[in-house]
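By convention here, the first residue in the shown sequence is residue 1. Start at 1 and go down the list; that is how both ligands and their atoms are numbered. Predicted, not measured: the structure shown is a model, and the values here were computed from it.
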Amino acid sequence: MEQITVTSPLLPDLEEFNALLKEIWDSKWITNNGRFHKQLEKELASYLKVPYISLFTNGTLPLITALQALRVTGEVITTPYSFVATTHSLWWNGIKPVFVDVDPSTCNLDPSKIEAAITPKTTAIMPVHCYGKPCDTKAIQEVADKYGLKVIYDAAHAFGVEVDGESILNAGDMSTLSFHATKVYNTIEGGAMVMHDEQTKKRIDYLKNFGFANETTVVAPGINSKMDEVRAAYGLLNLRQVDAAIEARRKVARIYREELRDVPGITFFEDMPGVRHNYSYFPIFVDAEKYGRTRDQLYFDMKSVDVLGRRYFYPLISDFSTYRGLPSATRENLPVAYRLADTVLCLPMHHALTDREIERIIGCIKKP
Ligand SMILES: *Cc1c(COP(=O)(O)O)cnc(C)c1O
């Protein structure tokens with residue numbers, strides 16, 4: 001039987017893409033703030049309901065750049081339950097990560113535990129909207145305001161997510177997105193930063209272009225992270241079909257929930273009231289005692305019949321060699337995150353899953 005992968009990239013129509021490539025070839029303008037780059041920024045700002053956005057070559061460099069733009073130093077409070085790039089962005093800035101435990105009902109940074117982790121060296125909080133589930137942005141902002149901290153959201157999973165009609169990307173000082181092939185919306189490799197004002201947008205645009213403010217002025221040691229015209233054109237085409245892709249994912253989530261609701265020992269998240277979800281991932285949590293198999297047994301059983309889940313996020317970032325020596329990286333400090341990491345399995349989730357494939361996946365989980 002054919003392999004079922006955990007994700008599958010949303011691809012533009014090849015002929016339409018070719019037509020745009022022809023335009024790029026004819027113009028001979030292939031990168032450096034070209035026509036498609038400008039158009040994609042404009043269309044994304046409108047689609048995402050954000051005032052300003054700056055495109056990047058991936059989702060990691062905007063995190064690194066946001067920290068520099070806000071002059072974040074010392075210690076930053078962050079979540080261990082994420083993709084490793086979140087914490088790597090701190091490492092690349094010489095900042096010490098301080099891990100705080102997550103809330104089991106969302107997998108996101110637990111706002112009630114932040115305050116106890118603040119020291120005189122703390123300058124910012126870096127939360128993640130894990131699986132696209134919105135963080136408690138209000139509670140996080142309250143702590144940040146009380147202690148004068150910046151807030152940078154790693155919103156790599158949160159493309160198009162809205163709470164009560166407002167974009168989640170407008171929370172905090174800045175938010176970053178990833179447009180990697182595995183995400184809901186992709187430009188093959190790509191990413192972006194969302195900011196609130198024109199001045200900041202200008203500064204970020206300098207920083208992603210070596211710090212050049214004009215032909216002869218370099219204002220800071222910027223990096224090179226400019227999105228090229230080919231990826232911007234690809235992104236414009238994908239933007240037209242991303243709503244249909246999210247709708248297709250919603251249907252997959254609905255079937256998973258219907259079919260798995262009565263399986264003992266398997267739990268999952270429901271939609272949150274007032275939230276426009278993007279169904280970027282479908283994590284289930286395995287209670288080995290009630291279910292009869294451990295998460296790893298289920299994962300390998302599925303793999304043996306070519307159904308690929310992903311143990312996202314396992315191991316925790318705090319368990320990787322770079323970070324496990326940190327005082328905050330212990331199991332005692334992060335009991336919830338460790339429990340989630342030990343029991344989570346992300347099921348295959350993408351726009352092109354067929355009913356037949358979904359049946360096969362559910363069959364694996366229901367198998368006694
Ligand atoms: C994908 C991802 C990133 C990194 O994005 P890239 O585009 O792969 O550099 C950062 N944080 C989280 C939470 C991610 O899932």
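For the pair Arg310 and Tyr312, the cation-pi test (distance below 6.0 Å, angle within 45°) is passed. Cation-pi geometry between Lys201 and Tyr52 is not satisfied (NZ or CZ under 6.0 Å from the ring centre, within 45° of the ring normal).
What sits closest to atom 4 (C) of ligand 1 on the protein, heavy atoms only, is Thr60 OG1, 3.6 Å. Ranking protein heavy atoms by distance to atom 5 (O) of ligand 1, first place goes to Ser178 OG, 3.2 Å. In terms of protein heavy atoms, atom 11 (N) of ligand 1 is closest to Asp154 OD2, 2.7 Å. Among protein heavy atoms, the minimum distance from atom 3 (C) of ligand 1 is reached at Phe83 CD2, 3.7 Å.
Counting only heavy atoms from C-beta outward, the side chains of Pro97 and Phe99 approach each other to under 4.5 Å. Contact annotation: the side chain of Lys367 never approaches that of Met302 to less than 4.5 Å [non-hydrogen atoms, C-beta and beyond]. Side-chain contact between Arg360 and Ile4 is present, with heavy atoms from C-beta onward closer than 4.5 Å.
Residue Phe313 has no nitrogen or oxygen atom sitting less than 3.5 Å from a nitrogen or oxygen atom of ligand 1, judged on distance alone.
Ring orientation note: the planes of Phe268 and Phe282 are tilted relative to one another, at an angle of 30° to 60°.
Close approach to Asn58 involves these atoms of ligand 1, each under 4.0 Å from a residue heavy atom: 7 (O), 9 (O). Applying the 4.0 Å criterion to heavy atoms of Ala85 picks out, from ligand 1, the atoms 4 (C), 10 (C). With ligand atoms numbered from 1 in the order given, ligand 1 contributes 13 (C) to contacts under 4.0 Å with heavy atoms of Ser82. For ligand 1, the atoms closer than 4.0 angstrom to any heavy atom of Gly59 are 5 (O), 6 (P), 7 (O), 9 (O).
When each of Tyr81, Tyr281, Tyr279, Tyr185 is tested with His157 by the rule ring pair (Phe, Tyr, Trp, His ring centres under 6.0 Å), just one qualifies, namely Tyr281.
Under the 4.0 angstrom criterion for non-hydrogen atoms, Gly190 is in contact with ligand 1.
The option from Glu189, His129, His157 that lies nearest to atom 15 (O) of ligand 1, judged by heavy atoms, is His157. When His88, Lys183, His180 are ranked by how near their heavy atoms come to atom 2 (C) of ligand 1, first place goes to Lys183.
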Does the pair Phe159 and Tyr47 meet the rule for a ring pair (Phe, Tyr, Trp, His ring centres under 6.0 Å), with working shown?
-> CA-CA 10 Å; Phe159 185 90; Tyr47 177 87; 5.6 Å; yes
